[in-house]
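Note sheet for the following structure.
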Amino acid sequence: MLISGNRAYIASPTPPGPATRLHIVDLAAGTLIKSLTIDQLRTPFAYRDGVLYFGGNMPTAWDVGREQIIWRTDLTQRQGRLLFISHHSVLDPARRRIYLGEYDNSFFVLSSADGAVLGSVDVRRGHTNPTRIMGMYGASRLRLARDLLIVGAGDRRLFAYATTAL
């Protein structure tokens with residue numbers, strides 16, 4: 001769920017299949033404004049200038065006023081391996097970027113204008129723990145603090161990246 005102003009945006013998967021119900025709630029009145037079915041949405045993480053951003057393996061920008069998808073990017077797999085994108089995505093409106101963590105070893109940098117993948121940063125860097133062979137070392141939590149992207153790795157390491165360099 002994302003709360004922006006006096007509205008709540010709730011994405012609720014409707015299995016089986018890829019359909020998701022997007023519920024828009026007026027918090028002041030306590031009423032449901034709309035409930036729409038949209039395929040392959042995950043958790044909403046940001047609202048900016050009439051656009052609602054969703055994370056997950058299919059990050060999506062959705063125009064709230066026109067009720068349509070602006071762009072969608074497929075991050076299901078890269079270089080022949082399946083990915084699992086963290087639920088902690090971040091919008092950087094100053095740089096028009098989105099940062100999405102991937103549980104195994106990295107985070108992605110996307111353009112918030114068109115969803116293009118601008119790059120990825122490996123936070124694993126060969127780090128392993130012999131007692132946690134199946135452990136997750138990637139970017140499980142992301143936060144923006146001024147010009148720094150704070151990245152919490154799955155194995156409890158903490159990194160800070162200058163957003164100007166990403």
Side-chain angles (χ1 to χ4, degrees), residues 1-78 82-104 106-121 123 138-152 160-166:
M1 174 175 55
L2 173 74
I3 295 175
S4 180
N6 67 342
R7 290 193 173 177
Y9 300 93
I10 305 160
S12 176
T14 56
T20 302
R21 295 292 294 171
L22 174 62
H23 306 288
I24 304 171
V25 178
D26 181 328
L27 296 174
T31 59
L32 179 66
I33 296 171
K34 265 188 189 170
S35 185
L36 306 159
T37 300
I38 305 168
D39 281 349
Q40 298 178 334
L41 291 183
R42 291 299 173 254
T43 307
F45 65 89
Y47 176 87
R48 177 89 174 178
D49 299 330
V51 178
L52 190 57
Y53 296 93
F54 296 85
N57 284 56
M58 297 288 276
T60 303
W62 188 72
D63 186 308
V64 174
R66 294 185 301 172
E67 296 182 3
Q68 67 184 33
I69 293 172
I70 299 169
W71 58 257
R72 176 172 276 163
T73 301
D74 186 350
L75 294 179
T76 307
Q77 54 180 299
R78 285 281 187 262
L82 293 173
L83 302 179
F84 184 60
I85 303 297
S86 162
H87 295 292
H88 301 279
S89 304
V90 175
L91 173 68
D92 182 350
R95 287 171 188 74
R96 299 186 57 158
R97 294 183 181 158
I98 294 171
Y99 308 106
L100 297 138
E102 188 265 316
Y103 282 116
D104 189 42
S106 61
F107 67 87
F108 289 94
V109 182
L110 275 63
S111 164
S112 65
D114 60 8
V117 177
L118 303 174
S120 67
V121 176
V123 299
S140 59
R141 292 194 178 265
L142 304 174
R143 294 288 185 265
L144 195 60
R146 296 189 192 127
D147 291 334
L148 291 176
L149 178 66
I150 309 300
V151 178
Y161 295 91
T163 54
T164 55
L166 296 174

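This chain uses plain numbering: 1 for the first residue, then up along the sequence.
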Requested in this report: Anything under 30° is parallel, anything over 60° is perpendicular, the rest tilted; go ahead and classify F84 against Y103.
Outcome: parallel

Query raised in the report: Do R21 and S12 get their side chains close enough for a donor-acceptor pair, meaning under 3.5 Å?
Result: no

Query raised in the report: Between CD1 of I70 and OH of Y53, what distance do you get to the nearest 0.5 Å?
Result: 6.5 Å

Report task. List the atom of H88, the atom of S140, and the distance in Å for their closest heavy-atom pair. Result -> CD2-O, 3.2 Å

Query raised in the report: What is the minimum heavy-atom distance between T43 and M1, and which atoms define it?
Result: CG2-N, 4.4 Å

Requested in this report: Any chance you could lay out the side-chain contact (heavy atoms from CB on, under 4.5 Å) test for T60 and Q40, step after step, and finish with the verdict?
Outcome: CA-CA 9 Å; T60 303; Q40 298 178 334; over 6 Å; no

Query - Contact check, side chains of R95 and T164, non-hydrogen atoms, under 4.5 Å - result: yes

Query raised in the report: Would you say the side-chain atoms of R97 and S112 include a donor-acceptor pair closer than 3.5 Å?
Result: no

Report summary line: Rounded to the nearest 0.5 Å, the CD1 atom of I38 sits from the CZ atom of F54 at a distance of 6.0 Å

Report summary line: Residues A61 and V51: closest non-hydrogen pair is CB-CG1, 3.9 Å

Query raised in the report: Are the side chain of S86 and the backbone N or O of G101 linked by a donor-acceptor pair below 3.5 Å?
Result: no

Report task. Output the distance between atom CG (L149) and atom CG (D147), rounded to the nearest 0.5 Å. Result -> 11.0 Å

**Report entry** Passing option when T163 is tested against V109, V90, D92 for side-chain contact (heavy atoms from CB on, under 4.5 Å)
**Finding:** D92

Query raised in the report: How about Y9 and H23: do any of their side-chain heavy atoms sit closer than 4.5 Å?
Result: no

Requested in this report: Would you sort out whether F45 and L142 count as a side-chain contact (heavy atoms from CB on, under 4.5 Å), showing the intermediate values?
Outcome: CA-CA 11 Å; F45 65 89; L142 304 174; over 6 Å; no

Query - For L75 against P59, the heavy-atom pair lying closest together - result: CD1-CG, 3.8 Å

Query raised in the report: If you round to the nearest 0.5 Å, how far is CG of D39 from CZ of R72?
Result: 7.0 Å

Query raised in the report: Could you go step by step and tell me if F108 and T73 meet the side-chain contact (heavy atoms from CB on, under 4.5 Å) rule?
Result: CA-CA 11 Å; F108 289 94; T73 301; over 6 Å; no

Query raised in the report: Roughly how far, to the nearest 0.5 Å, is the CD atom of E102 from the CG atom of L83?
Result: 5.0 Å

Requested in this report: Examine distances only and state if a side-chain atom of N57 and a backbone atom of I85 form a donor-acceptor pair shorter than 3.5 Å.
Outcome: yes

Query raised in the report: Sub-3.5 Å donor-acceptor pair from the side chain of T14 to the main-chain atoms of A19, do we have one?
Result: yes

Report summary line: Taking every heavy atom of S4 against every heavy atom of Y47, the minimum-distance pair comes out as OG-CD2, 3.3 Å

Query - Distance in Å, K34 NZ paired with D26 CG, rounded so as to fall on 0.5 Å steps - result: 13.0 Å

Report task. State, with a plain yes or no, whether a side-chain heavy atom of W62 is found less than 4.5 Å away from one of L22. Result -> yes

Query raised in the report: Does the side-chain contact (heavy atoms from CB on, under 4.5 Å) test come out yes or no for F107 and Y161, once each step is laid out?
Result: CA-CA 11 Å; F107 67 87; Y161 295 91; 3.6 Å; yes

Requested in this report: Kindly give the heavy-atom pair with the smallest separation between L52 and P44, and that separation in Å.
Outcome: CD1-CB, 4.2 Å

